[in-house]
Amino acid sequence: MAWIDSLAGWLVTSHQICVEVMLDLETFTVDDPRFSTSRVIGPSMLSLDGLEHRRHRDPFAGPFRPGKIQQLEEEIEGEARRLVSRVAADGGGDLRSTVAAPLAATVMAGLLDMTDVPVSDVLAWYDEIVDAVHTVTAGGEVPGSALSAFDELKQAVAGNLSSSDLLSVVDASGTLTVDEIVSNVAVLLFGGIVTSESSTAIAYRYLLDDPDLHRAIRRDRSLVAPFVEETLRLEPSASAVDRYATSDTVLGGVRVTEGDLVRVSLSAANRDPTVFPDPDDLAIGRSNLGRSVTFARGPHACLGVHLARLETVAAVGALLGHPEQPVAGGLDPITGLVFRVPETVDAAWQRPGDAVN
């Protein structure tokens, strides 16, 4: 770990120390006014600890349990096939904007019973919130456009409190105010969309960038899930999480002062060579992928982990299962200060036998 002047804080890259920080709830907290997401959307399950964290998170946890998510498999697979078929019929396009993003937005809107809101509106709110988090993390102020987007989201949520099965149950629990419900819905919307959209776009990029890999996985579909797990390790959609020291402590042999920012690099931890040999290689079938920290650890582990996996596996399966297979067009690099994703994943479709078969 090292002090980074531009961060005004510590950057942790060791897998062992990253896990230590995320699990030590007494010494390292998210509950700090500098926490970038809370500056954009207000206090939520993402920016609170202890009993307050549980008060915000527990009412929303039910729909994201593995059993509940598994019930959505057929619906998600059908939507993924529909989106892939549509872009294939057009002869190609950017798979991020035509498949990954609308799939993630549609699924999240459905989970939150906001199907009356156009997917384009949901994605617009999401883009503004994500951009604002990037801006604040880089040291800027919350843009006015993000505040406007959040206000529109608040109106949509408030209007659905009585008609939405999920939101009405949350509201009826009496544990959260309307503003608190809205903040947590914003967390779920942008967290659910950014995680699934990025994971799918990244998996697509790896697949299209390597025709031999593409052919191998198409011939043996049992490789889809381990392929997705390995791409999740290589490129977490959220590259880092922030914690703040609650007291003076020693971490990795270094003196950390109360109030110091400690940025946990999930990307670096997932490429720690002491844990993952040849960490920069895509190696399907690694035996220790359970040690990946892509979805963080501890009470702030990603609520949508099972959904992100299901969506990405469904999206990859839909692409491989289409009778016409795509070839890479323009493949942008995977970039992003916090949220990692290629800007575009362009593909063009060819008839069976012409390219990948």
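If you're wondering where the values come from, they're calculated on a predicted model, not measured in any experiment.
- With hydrogens and angles ignored, the 3.5 Å screen pairs a side-chain donor or acceptor of W349 with a backbone N or O of E324.
- No hydrogens or angles considered: nothing links the side chains of T257 and D248 as a donor-acceptor pair under 3.5 Å.
- When hydrophobic clusters are built by joining Ile, Leu, Val, Met, Phe, Trp and Tyr residues whose side-chain heavy atoms come closer than 4.5 Å, directly or via intermediates, V40 is grouped together with V185.
- Listed by chain and number, the residues in a side chain to side chain contact (heavy atoms under 4.5 Å, CB included) with D280 are R271 (sequence neighbours excluded).
- Under the 4.5 Å side-chain contact rule for hydrophobic residues, L266 and V262 share a cluster.
- Shown here are the side chain to side chain contact (heavy atoms under 4.5 Å, CB included) partners of A315, two or more places apart in sequence or in another chain: L103, T200, Y204.
- A donor-acceptor pair under 3.5 Å is absent between the side-chain atoms of D346 and the main chain of A328, judged by distance alone.
- Listed for the N288 side chain is no donor-acceptor partner under 3.5 Å among the backbone atoms of R291.
- A donor-acceptor pair shorter than 3.5 Å can be found between the side chains of S145 and E128.
- With a 4.5 Å cut-off on side-chain heavy atoms, L232 and R309 count as touching.
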Handout entry: Chi angles and distances behind the side chain to side chain contact (heavy atoms under 4.5 Å, CB included) call for L282, I284
Key = CA-CA 6 Å; L282 191 158; I284 296 176; 3.7 Å; yes
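- A donor-acceptor contact shorter than 3.5 Å is absent between the side chain of H15 and the backbone of A268.
- Proximity of a side-chain donor or acceptor of N184 to a complementary backbone N or O of E180 within less than 3.5 Å is detected.
- At least one donor-acceptor pair under 3.5 Å links the side chain of R340 to the backbone N or O of I334.
- Here the side chain of N270 pairs a donor or acceptor atom with the backbone of R233 at under 3.5 angstrom.
- Using a 3.5 Å distance cut-off with no hydrogens or angles, the side chains of Q155 and D151 do pair a donor with an acceptor.
- In this structure, P277 and R286 have side chains that are in contact, with non-hydrogen atoms separated by less than 4.5 Å.
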Problem - Worked verdict on V122 versus I193 for side chain to side chain contact (heavy atoms under 4.5 Å, CB included) - result: CA-CA 10 Å; V122 175; I193 295 174; 3.7 Å; yes
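- To the nearest 0.5 Å, atoms CG (L310) and CD1 (I76) are separated by 4.0 Å.
- The closest side-chain heavy-atom distance from M22 to F28 is not below 4.5 Å.
- Hydrophobic clustering (side-chain heavy atoms under 4.5 Å, transitive across Ile, Leu, Val, Met, Phe, Trp, Tyr) keeps V19 apart from L289.
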Practice task
Could you give me the CA-CA distance, side-chain angles and deciding distance for I17 and L251, then say whether side chain to side chain contact (heavy atoms under 4.5 Å, CB included) is met?
Solution key: CA-CA 8 Å; I17 301 177; L251 183 65; 3.6 Å; yes
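- A heavy-atom distance below 4.5 Å is found between the side chains of R55 and L176.
- The cluster map of Ile, Leu, Val, Met, Phe, Trp and Tyr, joined by side-chain heavy atoms under 4.5 Å apart, puts I41 and L48 in different clusters.
- Judged as a side-chain hydrogen bond (donor to acceptor under 3.5 Å, both in side chains), the pairs with a partner in residues 88-103 (not counting sequence neighbours) are, in order, D94-S97, R96-E197.
- Remark: side-chain polar atoms of R263 are not paired, donor with acceptor, to backbone N or O of L11 under 3.5 angstrom.
- Relative orientation of the W10 and W3 rings is perpendicular, given thresholds of 30° and 60° on the angle between their planes.
- Qualifying side chain to side chain contact (heavy atoms under 4.5 Å, CB included) partners for T29, counting only residues two or more places apart in sequence or in other chains: D31, D49, Y244, T246.
- Side-chain polar atoms of D179 and T177 form no donor-acceptor pair below 3.5 angstrom.
- Side-chain atoms of T249 do not come within 3.5 Å of backbone N or O of A245 as any donor-acceptor pair.
- Side-chain contact, W125 with E152: a donor N or O sits under 3.5 Å from an acceptor N or O.
- Here the shortest heavy-atom pairing between E79 and R82 reads OE2-NH2, 2.8 Å.
- In this structure, E77 places its CD atom where more than 12 heavy-atom neighbours from other residues, nucleotides or ligands lie under 6.0 Å away.
- In this structure, R65 places its CZ atom where only 12 or fewer heavy-atom neighbours from other residues, nucleotides or ligands lie under 6.0 Å away.
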Practice task
Evaluate side-chain hydrogen bond (donor to acceptor under 3.5 Å, both in side chains) for T294 paired with S292, printing each intermediate quantity in order.
Solution key: CA-CA 6 Å; T294 291; S292 164; 3.0 Å; yes
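- Listed by chain and residue number, nothing satisfies the ring-ring contact (aromatic ring centres under 6.0 Å, His included) test with H306 (two or more places apart in sequence, or in another chain).
- With sequence neighbours excluded, no residue forms a side chain to side chain contact (heavy atoms under 4.5 Å, CB included) with A8.
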Exercise for the section: Show the numbers, then the answer: is there a side chain to side chain contact (heavy atoms under 4.5 Å, CB included) between E52 and M45? Expected result: CA-CA 8 Å; E52 276 295 282; M45 66 178 83; over 6 Å; no
Problem - Test side-chain hydrogen bond (donor to acceptor under 3.5 Å, both in side chains) applied to T344 and D332, step by step - result: CA-CA 6 Å; T344 61; D332 287 337; 2.6 Å; yes
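- At a threshold of 4.5 Å between side-chain heavy atoms, the hydrophobic network of Ile, Leu, Val, Met, Phe, Trp and Tyr places V133 and L147 in one connected group.
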